[in-house]
Amino acid sequence: MNGNNILSQLNDSQRAAVQEVAGPVMVIAGAGSGKTRVLTYRIAYMLEQGIVPWRILALTFTNKAAREMTERIQKLIGDGRAKAVQMGTFHSVFLRILRTEAEKIGFSRSLTVYDTDDSKSLLRNIIKEMNLDPKIYVVNFILNRISAAKSNLLSDEDYARNTEAKQYDKECGKPLVSEIFTRYNKRMHNANAMDFDDILYYMNVLLRDHPDMLFKYQNRFQYVLVDEYQDTNFAQYMIIKKIAASHHNICVVGDDAQSIYGFRGADINNILNFKRDYPEAKLIKLEQNYRSTQNIVNAANAVIKNNNKQIPKKVWTENEEGTPISVLQSGTENDEAAAVCDSIFEVEHNYHVDYNDIAILYRTNMQSRALEEMLMKRHIPYRIYGGVSFYARKEIKDVLAYCRLAVNHYDEESLRRVINYPLRGIGDTTVERVVACANEHNARVWDVIENPVFFEVPVNGPTKEKLMDFANKIKSFTALLATKDAYEMGKHIVFASGIAAALKADPSDKDRMDNVEELLDAMKDFSENAEEPTFNDDTGEVIENFTPTLDRFLESVALLTDADEKDSEEEHKVKLMTIHAAKGLEFDYVYITGLEENLFPSAMSIGSRRELEEERRLFYVAITRAKKVLTITHAQTRYRFGSMQFCEPSRFLDEIPLSCQKTLRKASSGKGLFSGKSGAGEVYSGKTFVPKSKLPAKPKPDFSASSVGRIATPPEIVPGLRIYHLKFGYGTVSKIDGTGEDRKAVVNFETLGEKVLLLKFAKLIIPKDGGKK
DNA sequence: ATGGAGACCTTTTTT
DNA sequence: AGGTCTCCAT
């Protein structure tokens with residue numbers, strides 16, 4: 001296909017975005033406006049114009065996006081140049097560069113990437129070694145602080161000097177965060193390891209401190225493209241800015257309305273301020289939505305309108321009006337799941353919709369449980385994306401720890417993980433002494449293990465032997481690296497490490513062994529089929545003969561994310577995932593569940609306008625995933641922390657215009673499809689949904705929705721008990737009548753007087769505070 | 001060293 | 001509620 005053909009398939013703004021190859025360009029791509037199309041066509045167009053593929057740096061949000069884009073470009077231009085474009089996530093592209101330049105920043109080529117679990121584990125060890133109280137020095141908090149610092153390009157030394165940061169930590173009762181940070185970095189460095197944030201941080205260091213490197217990569221990457229620019233953080237922003245500084249051929253694509261990674265340091269100002277950085281920048285807006293019905297587009301627009309900071313744009317569509325959006329309310333989370341399942345059943349049955357075109361979205365991973373149970377019960381095939389990833393499983397991490405150790409002996413977390421697994425008589429005490437010894441001599445743990453006699457580890461002779469045996473075993477693996485591919489190494493390690501024997505010894509570990517074999521399959525696939533290009537360090541040209549070595553496998557696995565999971569098109573399964581995971585995807589039928597205050601928007605974000613706006617953008621992303629039919633659900637009660645909690649409908653529901661909603665649709669309740677009864681849980685939605693502002697004042701002003709109490713079980717309900725009812729407010733049980741199904745309670749309500757309630761239906765809540773005023 | 005009972009904590013979202 | 005971690009008994 002030639003350049004003109006490529007252009008003929010685009011609308012005016014899309015074509016402009018494709019053709020503006022030189023100079024700074026910002027493309028604001030509304031949801032469903034054909035952003036991916038523009039990106040792929042743009043790169044294809046550039047290649048057709050004769051631009052050398054390895055001079056193009058294209059940064060995507062996930063590896064999967066990069067892979068798909070490469071394929072599509074390849075189809076467009078019909079040759080192999082697409083593969084030579086340097087395309088991938090920030091982390092994968094720059095990790096590769098850091099590896100080749102490792103010595104310049106004090107690392108070696110065999111460096112390991114620590115995942116979040118590794119980082120946390122190291123932090124736990126440090127906190128323990130410093131004799132700090134882990135209840136005060138909460139690992140998550142510390143890691144967030146360190147991560148935020150690195151994302152803002154603060155070193156541990158900068159942090160130690162930063163009075164604001166130290167003041168904050170002091171106020172949080174954790175004055176030693178800075179000290180932990182310093183130790184953490186030192187240990188990372190000793191382990192020849194980087195965490196995710198380090199990759200971006202050290203890339204900045206490389207460009208900052210080594211003018212030759214800056215020159216090299218500015219020169220290499222003559223054209224820079226960034227997808228999902230609204231989700232870049234400061235460290236990423238600076239890398240791009242530096243690389244593009246000499247030529248200004250930078251094209252960023254994004255949508256400020258879809259910025260949903262602020263919690264991880266993404267700075268929406270990067271996109272809002274692009275014009276300031278490049279005054280000569282061209283701004284192109286893609287506003288026509290090709291994805292969704294008018295109802296969906298209108299609802300999304302109406303919701304996002306409530307946010308303040310925005311790049312003005314009007315997303316519109318020529319698509320048909322479509323089905324109104326249904327809002328379903330149900331009694332409990334199980335009722336909600338049943339309502340969703342009912343609807344899916346109906347749609348599949350009556351309209352023969354493929355399960356594959358249906359997605360259920362939620363704010364938090366934990367919400368998948370009730371949905372999963374109900375789907376299983378109804379025999380609806382499904383697949384959950386996200387949650388505990390395959391590579392986070394214990395047995396997988398164990399195998400990978402051996403692999404990582406074989407490549408990088410200094411990988412301390414891996415070493416600690418498997419030094420006594422399978423059991424070889426090196427207990428915690430020994431490990432502690434070894435680590436203490438290493439710290440004392442300013443040596444690495446591996447050095448001590450390799451030579452316990454020299455370092456005079458305070459353990460007995462046989463234990464020293466065991467340490468050396470372990471080191472020798474790892475060294476025997478290392479010796480094979482040069483001649484074996486990833487799969488051969490993996491197979492060897494699984495057996496020679498003793499992991500296979502340990503797992504087979506216990507029949508209850510059958511699943512784990514299966515997982516290990518799945519890992520071996522993945523290694524085999526990698527060894528046989530991987531097409532990871534290898535680039536020439538100096539020119540950036542692609543070197544054809546890729547060798548699928550173990551370290552390359554580990555690298556590819558370290559930066560895998562759930563979003564990268566192989567797409568199982570034609571799997572005919574309903575997809576379940578968080579809204580974050582759904583970013584960039586689209587489905588004919590979408591269910592957004594759990595639209596409740598304190599859940600969506602999340603309780604953590606309700607306090608601040610900024611975070612609330614991010615939640616709203618998240619809702620916007622969720623709505624705009626739907627192509628044809630959108631259903632939104634919420635429940636009145638939900639189990640949280642083991643107790644039943646009352647849930648108010650989300651404020652976001654009020655923001656959907658009634659004109660886009662379906663009228664009077666009855667939600668399922670209780671047993672779902674075949675249950676007509678719903679008692680106190682009887683609810684409607686659509687136009688009958690009363691905006692919160694019109695609800696009668698709550699009986700108690702200090703009423704906090706998340707902490708009402710729990711639902712009473714019938715035997716607990718006795719005369720004299722003070723209870724709370726969702727509709728009627730507070731009251732006291734005055735009498736119990738009848739038996740079994742017919743058991744009734746006479747309740748004297750504060751505001752409404754006496755009522756008789758059938759216990760079978762009434763959800764009486766025992767207030768947490770005992771019902772005192 | 002191993003396993004079981006109980007305490008305890010959790011819930012944002014993820015590269 | 002359920003999973004993880006800790007501590008104690010074996």
Side-chain angles (χ1 to χ4, degrees), chain A residues 59-66 88-95 113-117 119-121 124 128 134-135 138-140 143-144 147 150-151 194-201 203 228 231-233 235-236 258-266 333-334 361-370 373 385-389 391-392 394 420-430 506 508 557-564 577-583 594 596 598-607 611-612 614-615 617-619 621-622 638-645 706 710:
Chain A
L59 298 166
T60 58
F61 198 68
T62 63
N63 298 300
K64 187 176 150 199
T89 61
F90 275 87
H91 291 87
S92 66
V93 168
F94 296 128
L95 174 61
V113 177
Y114 274 13
D115 67 18
T116 310
D117 284 343
S119 296
K120 283 184 187 170
S121 160
R124 261 189 288 272
K128 198 188 272 175
K135 287 194 183 91
V138 182
V139 170
N140 277 328
L143 192 59
N144 279 337
S147 171
K150 288 179 178 175
S151 299
M194 289 190 187
D195 62 27
F196 293 131
D197 301 306
D198 283 333
I199 296 174
L200 304 175
Y201 176 81
M203 189 65 206
E228 308 283 10
D231 285 323
T232 50
N233 64 26
Q236 293 169 316
Q258 295 185 60
S259 162
I260 55 173
Y261 282 94
F263 69 91
R264 176 172 103 187
E333 62 207 305
N334 291 324
L361 308 181
Y362 34 79
R363 177 68 241 269
T364 66
N365 274 306
M366 72 166 193
Q367 288 168 257
S368 66
R369 176 173 295 161
E373 279 171 11
Y385 291 78
V388 179
S389 107
Y391 288 97
K394 180 191 176 299
N420 199 29
Y421 177 82
L423 299 175
R424 50 176 68 90
I426 304 177
D428 291 346
T429 327
T430 305
D506 186 346
S508 68
V557 151
L559 299 175
L560 267 191
T561 66
D562 294 320
D564 295 322
M577 63 186 91
T578 62
I579 299 163
H580 283 90
K583 176 166 127 159
E596 295 140 33
N598 294 318
L599 180 60
F600 194 12
S602 124
M604 326 272 296
S605 64
I606 270 170
E611 290 179 61
L612 189 65
E614 176 147 320
E615 294 283 310
R617 291 193 293 271
L618 194 56
F619 187 43
V621 168
R638 192 176 288 277
Y639 268 103
R640 265 189 134 179
F641 309 122
S643 70
M644 180 79 81
Q645 311 225 308
S706 61
R710 58 192 177 80

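Sequence lines set the chain letters: A, B, ... in the order given, protein chains first and strands last, and positions in each chain run from 1.
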Identify which one of A/I199, A/T232, A/L95 satisfies the side-chain contact (heavy atoms from CB on, under 4.5 Å) criterion when paired with A/F90.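 Per the side-chain contact (heavy atoms from CB on, under 4.5 Å) rule, the option paired with A/F90 is A/T232, out of A/I199, A/T232, A/L95.
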
Member of A/Q645, A/E596, A/M644 meeting the side-chain contact (heavy atoms from CB on, under 4.5 Å) criterion with A/R638: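 The single option meeting the side-chain contact (heavy atoms from CB on, under 4.5 Å) with A/R638 is A/E596.
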
[options]: which one has an atom nearest the side-chain heavy atoms of [X]?
X      : options                : result
A/A581 : B/dT12, B/dT11, B/dT14 : B/dT14
A/L423 : B/dT12, B/dT15, B/dT2  : B/dT2
A/T364 : B/dT14, B/dT12, B/dT15 : B/dT12

Of A/E615 and A/G427, the one whose closest DNA chain B nucleotide lies more 5':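 That would be A/G427.
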
Closer to the 5' end of DNA chain B via nearest nucleotide, is it A/H580 or A/G425?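 Checking each residue's closest nucleotide, the 5'-ward one belongs to A/G425.
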
How long is the line joining [atom1] of [X] and [atom2] of [N], in whole Å?
X      : N      : atom1 : atom2 : answer
A/L599 : B/dT10 : CG    : P     : 17 Å
A/Y261 : B/dT15 : OH    : P     : 6 Å
A/M604 : B/dT11 : CE    : P     : 9 Å
A/F600 : B/dT12 : CZ    : C1'   : 11 Å
A/F90  : B/dT15 : CZ    : C1'   : 11 Å
A/N334 : C/dA1  : CG    : P     : 13 Å
A/R617 : B/dT12 : CZ    : C1'   : 15 Å
A/L612 : B/dT12 : CG    : P     : 16 Å

Please answer whether B/dT10 and A/F641 are stacked, defined here as ring centres separated by less than 5.5 Å and planes angled under 30°.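 A/F641 vs B/dT10: stacking no.
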
Protein-nucleic acid N or O pairs under 3.5 Å, nucleotides 2-9 of chain C:
none

Span that lies between the C1' atom of B/dT11 and that of C/dT6, in whole angstrom: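 After rounding to an integer number of Å, I get 22 Å for this pair.
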
List in chain and number order the residues that pass side chain to side chain donor-acceptor pair (under 3.5 Å) with A/T578, two or more places apart in sequence or in another chain; answer none if no residue qualifies.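 Expected list: none.
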
Salt-bridged, A/R363 to A/E615, with N to O below 4.0 Å?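 Yes.
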
Heavy atoms under 4.0 Å, any strand shown: does A/F263 hit a base, just sugar-phosphate, or nothing?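 Base contact.
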
Cation-aromatic face contact A/K394/A/Y421, 6.0 Å, 45 degrees: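 Flagged: A/K394 positioned over aromatic ring of A/Y421.
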
Could you go through the side chain to side chain contact (heavy atoms under 4.5 Å, CB included) check for A/D198 and A/K150 one step at a time? CA-CA 7 Å; A/D198 283 333; A/K150 288 179 178 175; 2.8 Å; yes

Measure the acute angle between the ring planes of A/F619 and A/F600, then classify it against the limits of 30° and 60° as parallel, tilted or perpendicular.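 Judged by the thresholds at 30° and 60°, the geometry between A/F619 and A/F600 is perpendicular.
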
Would you say A/N365 reaches B/dT13's phosphate, i.e. side-chain N/O to OP1/OP2 under 4.0 Å?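 Answer yes for this pair, as a side-chain N or O of A/N365 is under 4.0 Å from OP1 or OP2.
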
Does a side-chain N or O from A/T116 land closer than 4.0 Å to OP1 or OP2 of B/dT14, or not?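 For B/dT14, neither OP1 nor OP2 has a side-chain N or O of A/T116 closer than 4.0 Å.
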
Any side-chain to backbone donor/acceptor pair from A/N598 onto A/S602? Under 3.5 Å, distance only.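 Such a contact is absent between A/N598 side chain and A/S602 backbone.
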
